[in-house]
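Working notes for the structure below.
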Amino acid sequence: MARKLPKVDVVIVGVGWAGGIIASELTKKGLKVVGLERGKERKTEDYFMVHDELRYALRYELMQDLSRETITFRGNEKIRALPMRQYGSFLLGDGLGGSGVHWNGQTFRFLPYDFEIYSKTVERYGKKKIPADMNLQDWGITYDQLEPYYDRFEKTAGISGEENPLAGKRSDKYPTPPMKKTPAIQLFEKAAKNMKLHPYMMPSANLSESYKNPDGIQRAACQYCGYCERFGCEYGAKADPVVTVIPVANKTGNFEIRTHSNVRRILKTGDKATGVLYTDVTTGEEIEQPADIVVVTSYVFNNIRLLLMSGIGKPYDPNTGTGVIGKNYAYQVIKGNAIGFFDNKEFSTFAGAGSLGMVCDDYNGDNFDHSNVNFIHGGMISLAQTGLRPIQNNPVPGGKPTWGKEFKANSVKYANRFLSVTSQGSSMPFKRHFLDLDPTYKDAFGDPLIRITFDFEEQDRQMAKFLADKCATILKEMGADHIDSMKDLGPYDITTYQSTHNTGGVIMGADPATSAVNNYLQMWDVDNLFVIGASAFPHNSGYNPTDTVGALAYRAAEGILKYRDKGGQVV
Amino acid sequence: MVEENKENPESVSRRNFIRNAGFTVGGLAVGGIIGSLIPRNQKETTDTKSTKTKTEDFNQALMYFTPEQFKVIDAATERIFPEDDHGPGAKALGVAYFIDHQLAGYWGFNGREYMQAPFYPGEKVQGFQGRLKRREIFDIAIREMQNHSMAVYKKDFTELNGDEQDAILKDFEEDKVNVTTISPSGFFQMLRSVTLEGAYSDPLYGGNLNMDGWKMKNYPGSQMAYSDIIDKEFKKIAPQSLKSHMNH
């Protein structure tokens with residue numbers, strides 16, 4: 001029998017960006033909040049030895065231990081799903097701060113088009129533009145409605161940036177100025193301007209200058225050390241939950257974090273959640289934490305897994321298209337890239353920051369006419385100088401040997417003489433891309449793993465090729481001596497890193513028949529249960545997701561307070 | 001050779017960091033380890049560096065491989081990453097010691113990977129689905145490299161000339177060896193990756209001896225800050241390893 005603890009106002013499952021934001025907003029209003037985090041405590045001082053590519057980037061120091069829990073994957077329903085035994089395509093976070101600790105800090109708003117993607121596509125191109133097997137739908141919220149929450153998150157994190165000429169209107173400028181322009185970025189900017197594109201500095205959570213946020217948290221400026229993605233920041237310059245929202249919640253005295261606490265079920269009686277059941281992984285003890293409000297913020301995969309294992313919400317059925325939990329799993333099309341080799345120019349690309357770069361949105365969203373292309377949406381194109389580390393970066397011009405004498409000579413020669421222009425393509429939802437519980441494989445507790453059914457579609461292949469060609473054209477304008485670009489996207493492959501931008505499964509919307517949560521991320525079926533994260537995205541845009549996750553979390557915090565005052569559905 | 005840098009980029013960047021961040025020494029450090037980034041005693045640090053006696057490298061002994069296995073891997077990795085005009089190859093960088101030490105730890109046991117049954121062969125896009133651990137794969141692969149050399153050249157792999165060794169490795173790379181228990185090409189790709197890891201990881205792991213891998217690539221290793229050079233044209237910087245951060 002599980003040991004039952006005294007009831008609290010709110011219990012949060014997973015303390016990353018979303019959990020941290022909820023904790024800070026609710027504890028400020030006097031609610032007693034318990035945050036259950038299955039990983040360990042993390043703090044800035046832990047990263048004293050962080051400039052270690054092997055330990056952090058290749059051995060995944062900050063990531064979830066796959067021996068305890070992973071996901072299973074199949075390209076389609078005809079083949080057997082098998083476990084992701086080793087890391088590749090995406091990296092699952094672990095510990096206090098979650099994936100928010102090891103991100104790059106690229107902090108984009110989605111486009112106004114994204115939130116009304118179905119309506120706007122039909123309006124401009126007609127219904128025929130949408131393939132029959134594409135589950136395109138509006139988000140049940142507009143950009144203008146979400147704008148204040150974007151502003152809120154960006155001020156909390158201290159985002160450095162400049163106005164994007166092709167994006168939605170901003171109510172205020174970025175809280176800190178853009179990052180420094182490197183020679184490589186200047187080269188990209190000049191080429192993009194020559195081509196009549198609209199480059200702007202990448203919005204960055206790596207602070208361009210010392211900054212004090214509205215919560216009174218002061219952080220130091222980025223030192224461009226080149227270790228962001230897969231690493232924690234030893235300066236606290238990169239905004240992460242541990243150096244922003246979590247200390248704010250802690251300071252109120254109303255927040256209790258319990259690490260090593262793995263939530264395994266959401267408990268429910270009738271149409272109300274009553275709390276959660278978790279295992280203390282250090283002792284194996286099962287513990288029940290009752291709460292008036294349950295908030296699930298445990299990354300896309302675990303959000304869905306918890307709902308399915310707890311029998312909450314109607315599971316999605318790809319045959320009938322009914323049900324909502326697990327629906328519209330989407331990812332990202334990230335391989336439409338080009339790499340340029342420069343024989344006579346060296347760049348200090350060992351230096352950088354996770355979100356140091358320049359971007360064009362001319363081929364993103366509906367910023368260009370799609371009448372003559374076989375896809376909708378698109379992606380951003382950028383040159384990012386995130387810090388090239390020596391183990392993972394040994395490219396040689398295409399067709400050249402990949403080991404031996406010639407390889408070594410080329411990889412050494414080009415070590416500081418190549419630049420990548422990359423795209424980040426959107427990912428549309430399809431009827432047969434979904435998440436459910438795996439019938440065979442179990443985690444360390446004997447609970448089923450989550451199963452991904454996903455592959456690239458014609459939409460993705462066309463878009464990736466289109467974007468890769470644009471990337472190559474920019475590199476040509478930049479004066480690269482040799483350019484290699486993606487020719488064929490191929491099938492979705494879980495073994496090569498693409499992005500940790502998994503989305504969908506508990507999607508938001510205006511209609512309970514086609515969405516799982518309302519636009520405050522409150523479950524339609526269970527009024528006192530909020531499910532927050534990129535799991536709420538009905539599709540994924542051509543940008544990094546964190547700004548939108550942060551904005552939705554701030555809005556959800558407001559929804560929780562409304563629910564606490566009035567009860568029922570808050571929309 | 002790397003240019004002699006009169007301005008020690010380390011101390012300069014640290015001083016600037018303190019200035020940029022608006023903090024004074026010993027002042028308030030919010031959410032950071034700023035205080036500990038300031039060298040306690042610059043002179044002491046310099047003195048430590050100029051120690052005259054060269055200590056023996058006690059790291060160069062075997063934790064996992066048999067001596068024969070070590071010799072095969074030492075020879076094979078040298079073919080993948082050979083010594084040339086640019087600088088040392090795998091052998092001189094200590095790559096085989098690095099691999100030996102890695103296999104002795106959790107990486108060799110696939111300690112943080114999902115190794116639960118059932119095991120089924122999958123599609124290529126589903127990734128590694130074998131039941132063998134990396135150290136077992138190395139055991140089998142090294143034996144098969146020896147068997148294949150014997151079959152083709154009637155000699156041990158270590159006794160072959162460079163071109164012959166390349167031919168054996170190429171047969172593994174292209175799955176032209178008849179091995180059923182492991183994927184020859186899978187092993188080759190793992191060997192290639194771990195060779196690069198040994199050449200370019202921090203010297204604390206036993207490879208990249210004397211930071212010579214980094215020096216070849218003009219990679220500065222572990223620097224605290226690049227804020228002074230980030231917007232400037234390329235310039236060589238003398239590398240530092242994580243060891244240099246243990247002084248503060």
Side-chain angles (χ1 to χ4, degrees), chain A residues 44-45 48-49 51-54 58-60 65-67 70 73-75 79-80 82-86 88 180-183 210 217-221 223-226 234-236 243 247 346-348 350-351 390-391 394 402-405 408-409 412 415-416 440-442 491-495, chain B residues 13 17 20-23 30-34 36 79-82 84 86-87 89 107 110-116 118 120 122-129 166 169 192 196-197 200-202 205 213-214 216-227 229-235 242 245:
Chain A
T44 300
E45 290 84 339
F48 194 64
M49 286 278 140
H51 294 169
D52 185 339
E53 184 184 13
L54 185 74
L58 282 303
R59 301 287 182 262
Y60 310 111
D65 179 351
L66 294 183
S67 75
T70 184
F73 158 69
R74 56 182 179 175
I79 59 175
R80 189 200 313 264
L82 294 174
M84 177 177 80
R85 295 186 181 275
Q86 303 172 350
K180 291 181 184 176
K181 280 181 192 168
T182 67
S210 174
I217 296 280
Q218 178 132 19
R219 290 165 36 235
Q223 298 301 300
Y224 301 91
C225 79
E234 78 268 42
Y235 293 103
V243 297
E346 273 189 277
F347 303 93
S348 300
F350 49 79
I391 302 171
N394 289 283
T402 56
W403 58 279
K405 202 172 179 343
K408 186 190 168 189
V412 168
N416 302 302
T440 309
Y441 292 96
K442 309 275 190 259
Y492 172 64
D493 179 346
I494 203 158
T495 67
Chain B
S13 57
F17 171 67
N20 293 345
F23 296 121
V30 182
I33 49 170
I34 293 153
S36 57
R79 295 313 300 171
I80 291 172
F81 198 80
D84 64 3
H86 295 98
W107 186 77
N110 300 47
R112 297 185 71 226
E113 290 158 16
Y114 192 80
M115 295 299 281
Q116 301 305 310
Y120 296 105
E123 310 270 326
K124 195 163 166 280
V125 295
Q126 291 177 302
F128 178 73
Q129 294 296 333
D166 285 355
L169 289 169
R192 179 190 178 272
L196 292 175
E197 288 174 4
Y200 295 125
S201 54
D202 193 282
Y205 294 100
W214 288 347
M216 268 188 287
K217 272 191 163 185
N218 289 324
Y219 183 73
S222 175
Q223 306 283 337
M224 292 311 296
Y226 292 121
S227 33
I229 61 115
I230 189 72
D231 49 0
K232 309 282 192 311
E233 293 297 328
F234 179 82
K235 192 183 165 202
L242 284 170
H245 298 326

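The analysis underlying the following values was restricted to heavy atoms, covering all of them including side chains, and did not include hydrogens, waters or symmetry mates. Within every chain, numbering begins at 1; the chains are lettered A, B, ... in the order of the sequence lines, protein sequences first and strands thereafter.
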Residue pair A:Arg59, B:Arg112: steps toward the side chain to side chain contact (heavy atoms under 4.5 Å, CB included) verdict
CA-CA 9 Å; A:Arg59 301 287 182 262; B:Arg112 297 185 71 226; 5.9 Å; no
Drop me the distance from [X]'s [atom1] to [Y]'s [atom2], to the nearest 0.5 angstrom.
{"X": "A:Glu53", "Y": "B:Tyr205", "atom1": "CD", "atom2": "OH", "answer": "10.5 Å"}
{"X": "B:Arg79", "Y": "A:Lys405", "atom1": "CZ", "atom2": "NZ", "answer": "9.5 Å"}
{"X": "A:Phe350", "Y": "B:Ile229", "atom1": "CZ", "atom2": "CD1", "answer": "4.5 Å"}
{"X": "A:Asp52", "Y": "B:His245", "atom1": "CG", "atom2": "NE2", "answer": "10.5 Å"}
{"X": "B:Lys124", "Y": "A:Ile494", "atom1": "NZ", "atom2": "CD1", "answer": "14.0 Å"}

Under the 3.5 angstrom rule, does the side chain of [X] hit a backbone N or O of [Y] as a donor-acceptor pair?
{"X": "A:Arg74", "Y": "B:Gln126", "result": "no"}
{"X": "A:His51", "Y": "B:Gln223", "result": "yes"}
{"X": "B:Lys217", "Y": "A:Pro390", "result": "yes"}
{"X": "A:Arg80", "Y": "B:Tyr120", "result": "no"}

Which residue out of [options] racks up the most heavy-atom pairs below 4.5 Å with chain B?
{"options": "A:Asn394, A:Thr440, A:Thr495", "value": "A:Asn394"}
{"options": "A:Ala415, A:Pro183, A:Pro247", "value": "A:Pro183"}
{"options": "A:Tyr60, A:Tyr224, A:Phe347", "value": "A:Tyr224"}
{"options": "A:Gly75, A:Pro491, A:Cys225, A:Gly226", "value": "A:Cys225"}

Would you mind checking which part of [X] comes under 4.5 Å of any heavy atom in chain B, side chain (CB onward), backbone (N, CA, C, O), both or neither?
{"X": "A:Leu58", "answer": "side chain"}
{"X": "A:Met49", "answer": "both"}
{"X": "A:Ile79", "answer": "side chain"}
{"X": "A:Asp65", "answer": "both"}
{"X": "A:Tyr492", "answer": "backbone"}

Taking all non-hydrogen atoms of both residues, which atom of [X] and which atom of [Y] are closest, and how far apart?
{"X": "A:Val412", "Y": "B:Met216", "result": "CG1-O, 3.3 Å"}
{"X": "B:Gly122", "Y": "A:Leu82", "result": "CA-CD1, 3.3 Å"}
{"X": "B:Tyr200", "Y": "A:Ile391", "result": "CB-CG1, 3.7 Å"}
{"X": "B:Pro118", "Y": "A:Arg85", "result": "O-NH2, 3.2 Å"}

Would you mind telling me which of B:Ile230, B:Leu196, B:Leu169, B:Ile80 has the largest number of heavy-atom pairs within less than 4.5 Å of chain A?
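Ranked by heavy-atom pairs under 4.5 Å with chain A, first place is B:Ile230.
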What residue in B:Pro82, B:Ser201, B:Gly127, B:Gly213 has the most heavy-atom pairs under 4.5 Å with chain A?
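Highest number of heavy-atom pairs under 4.5 Å: B:Pro82.
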Do [X] and [Y] touch side chain to side chain, with heavy atoms closer than 4.5 Å?
{"X": "B:Asn110", "Y": "A:Gln86", "answer": "yes"}
{"X": "A:Ser348", "Y": "B:Lys232", "answer": "no"}
{"X": "A:Gln223", "Y": "B:Ser227", "answer": "yes"}
{"X": "B:Tyr114", "Y": "A:Met84", "answer": "no"}
{"X": "B:Gln129", "Y": "A:Pro83", "answer": "yes"}

Considering only heavy atoms, which portion of B:Phe128 lies under 4.5 Å from any heavy atom of chain A: side chain, backbone, both, or neither?
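For B:Phe128, the contact with chain A is made by backbone and side chain together.
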